[in-house]
Amino acid sequence: MNDNLLEAKEISKTFGGIVAVQKVDFTIPRQSIISLIGPNGAGKTTFFNLVTGIYTPTTGHITFDGQPMGELKPHEVTNRGIARTFQNIRLFSNMTALENVLVGEHLRLSTGLIGAVLRTSKVKAEERNARQKALDLLEYVGLGGKGDEFAKNLPYGDQRRLEIARALGTEPKLLLLDEPTAGMNPNESASLTRLVDRLRRERGLTVLLIEHDMKVVMEVSDRVTVLNFGRKIAEGLPAEIRANAEVIEAYLGKEYAKTVAEEKGKN
Ligand code: ATP
């Protein structure tokens, strides 16, 4: 088995005259947490869409779990073992938390039409298992006891956790999180960071993260890749990235570099 779950070779994506992603080489080792950072418009979302097969690269190619990625429909992406959460939360707001997770799991159920109509004992057992698994997932992400609440009534931080539980319901190998801590207070962010770390440690998941909160990125990532104007301008350990002059210039800013230097001085 290859150690890399995903490998992208010289991938580019152009829209008309705009080069959104330009000749990017990228790998995601199995059971790693990799972060993608960069200023607005740097190409991060386009990159996510390439990795999830929503876009095909204009040039270059991607392999996932040893297989080439073609252009895939959303359910095919899920079938391949890729799940994601969104920058602007996309839950079924009028369904309960439990139902949202069951929707995620649905793709993995084997019930055919006839079984569903006749409600055979096999189908009933499968439904019971799915329900128990959904309850376990809710508990795991910190939403134990909230299964019957409508998604829209959950506090914002809980909605983000529910999106993760729904993604886990599809039994992914790779989980993509698009700004999972956006809009969270520092306590919620810290707690979500711990959850991401547990996903890898306890469930063996591989995670690709787009995140603007540098505290989260620095704490949880094994490796950070920086995009700017569609190009990869740096890649390395969190400590290397925050000391990288080009990254400070393009994204982190001199203020951030100063704060880091001051913190170092204090320790
Ligand atoms: P943000 O942090 O604001 O989400 P980003 O790093 O995710 O930004 P992208 O959304 O990938 O950046 O955009 C990269 C570039 O590609 C931008 O110039 C954007 O306008 C352009 N772009 C992205 N998607 C499309 C599209 N479907 N059609 C045309 N141009 C696009």
Side-chain angles (χ1 to χ4, degrees), residues 6-28 33-62 64 69-74 76-77 82-91 156 159-160 163-164 167 174-184 188-189 192-193 196 206-221 223-236 238 241-242 244 246-257:
L6 182 131
E7 293 181 354
K9 278 242 176 320
E10 290 209 349
I11 54 167
S12 300
K13 181 71 188 172
T14 51
F15 299 103
I18 298 168
V19 186
V21 170
Q22 193 170 1
K23 286 201 170 172
V24 173
D25 283 324
F26 189 76
T27 57
I28 307 181
I33 300 176
I34 306 293
S35 289
L36 201 56
I37 64 171
N40 290 340
K44 304 180 297 294
T45 305
T46 304
F47 193 84
F48 250 44
N49 287 331
L50 286 166
V51 167
T52 50
I54 297 300
Y55 295 154
T56 29
T58 311
T59 61
H61 62 270
I62 304 177
F64 177 75
M69 284 286 273
E71 192 167 319
L72 303 176
K73 304 225 164 58
E76 294 169 329
V77 176
I82 301 177
R84 68 171 294 183
T85 66
F86 295 87
Q87 214 175 98
N88 43 351
I89 300 171
R90 296 192 197 169
L91 289 165
Y156 187 73
Q159 292 193 17
R160 289 227 171 260
E163 245 201 335
I164 293 177
L174 175 65
L175 178 64
L176 294 96
L177 303 172
D178 195 349
E179 296 198 34
T181 71
M184 286 189 169
E188 288 173 322
S189 286
L192 197 103
T193 307
V196 173
T206 307
V207 180
L208 176 62
L209 187 71
I210 293 183
E211 181 57 62
H212 283 295
D213 184 336
M214 290 316 290
K215 194 165 155 36
V216 176
V217 170
M218 294 301 156
E219 265 176 38
V220 83
S221 317
R223 202 186 70 210
V224 182
T225 296
V226 191
L227 293 182
N228 191 30
F229 294 114
R231 281 190 317 110
K232 182 165 83 177
I233 60 166
E235 191 164 68
I241 292 302
R242 69 174 171 196
N244 181 303
E246 198 178 352
V247 178
I248 292 168
E249 185 67 38
Y251 180 56
L252 296 177
K254 302 226 161 44
E255 264 319 296
Y256 178 82

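Whatever order the structure lists them in is the order used to number ligands and atoms, beginning at 1. Heavy-atom basis, side chains included; hydrogens, waters and symmetry copies ignored. Keep in mind that this is a model prediction, so the values were computed, not measured.
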Close-contact set for ligand 1 against Gly43 heavy atoms, below 4.0 Å:
5 (P), 6 (O), 9 (P), 11 (O), 12 (O), 14 (C)
Could you pull out the closest heavy-atom pair between Phe86 and Arg160, with the gap in Å?
O-NH1, 3.2 Å
Suppose the criterion is side-chain hydrogen bond (donor to acceptor under 3.5 Å, both in side chains): which pairs have a residue in residues 40-52, not counting sequence neighbours?
Asn49-Arg84
Other residues, nucleotides and ligands only: do more than 12 of their heavy atoms fall within 6.0 Å of CD on Glu249?
no
If you have a sec, work out which protein heavy atom is nearest atom 21 (C) of ligand 1 and how many Å separate them, to one decimal?
Ile18 CG2, 4.0 Å
Residue pairs fulfilling salt bridge (charged side-chain N to carboxylate O under 4.0 Å, His left out) with at least one residue in residues 11-26, sequence neighbours excluded
none
Heavy-atom side-chain proximity of Val51 to Leu174 below 4.5 angstrom
yes
Min N/O separation Gly41 to ligand 1 under 3.5 Å:
yes
Take Ile37 and Met214, measure what side-chain contact (heavy atoms from CB on, under 4.5 Å) needs, and give me the verdict at the end.
CA-CA 9 Å; Ile37 64 171; Met214 290 316 290; 3.9 Å; yes
heavy-atom search around atom 29 (C) of ligand 1 in the protein gives Phe15 CB, 3.4 Å
Just heavy atoms, cut-off under 4.0 Å: does Tyr55 contact ligand 1 by side chain, backbone, both, or neither?
side chain
Return the residue, atom name and 0.1 Å-rounded distance of the protein heavy atom closest to atom 16 (O) of ligand 1.
Ala20 CB, 3.2 Å
of all protein heavy atoms, closest to atom 7 (O) of ligand 1 is Thr45 OG1, 2.6 Å
Where do Arg223 and Thr27 come nearest, in terms of heavy atoms and distance?
NH2-O, 2.6 Å
Atom indices of ligand 1, in the order listed, that fall short of 4.0 Å to a heavy atom of Pro39:
6 (O)
Name the closest protein heavy atom to atom 2 (O) of ligand 1, giving the residue it belongs to and the distance to 0.1 Å.
Lys44 NZ, 2.9 Å
As an exercise, identify every atom of ligand 1 less than 4.0 angstrom from a heavy atom of Thr46.
9 (P), 11 (O), 13 (O), 23 (C)
Which word best sums up how the rings of Tyr251 and His212 line up, parallel for under 30°, tilted for 30 to 60°, or perpendicular for over 60°?
tilted
Protein heavy-atom contact under 4.0 Å for atom 23 (C) of ligand 1?
yes
Closer than 4.0 Å to some heavy atom of Ala42 - which atoms of ligand 1 meet that?
5 (P), 6 (O), 12 (O)
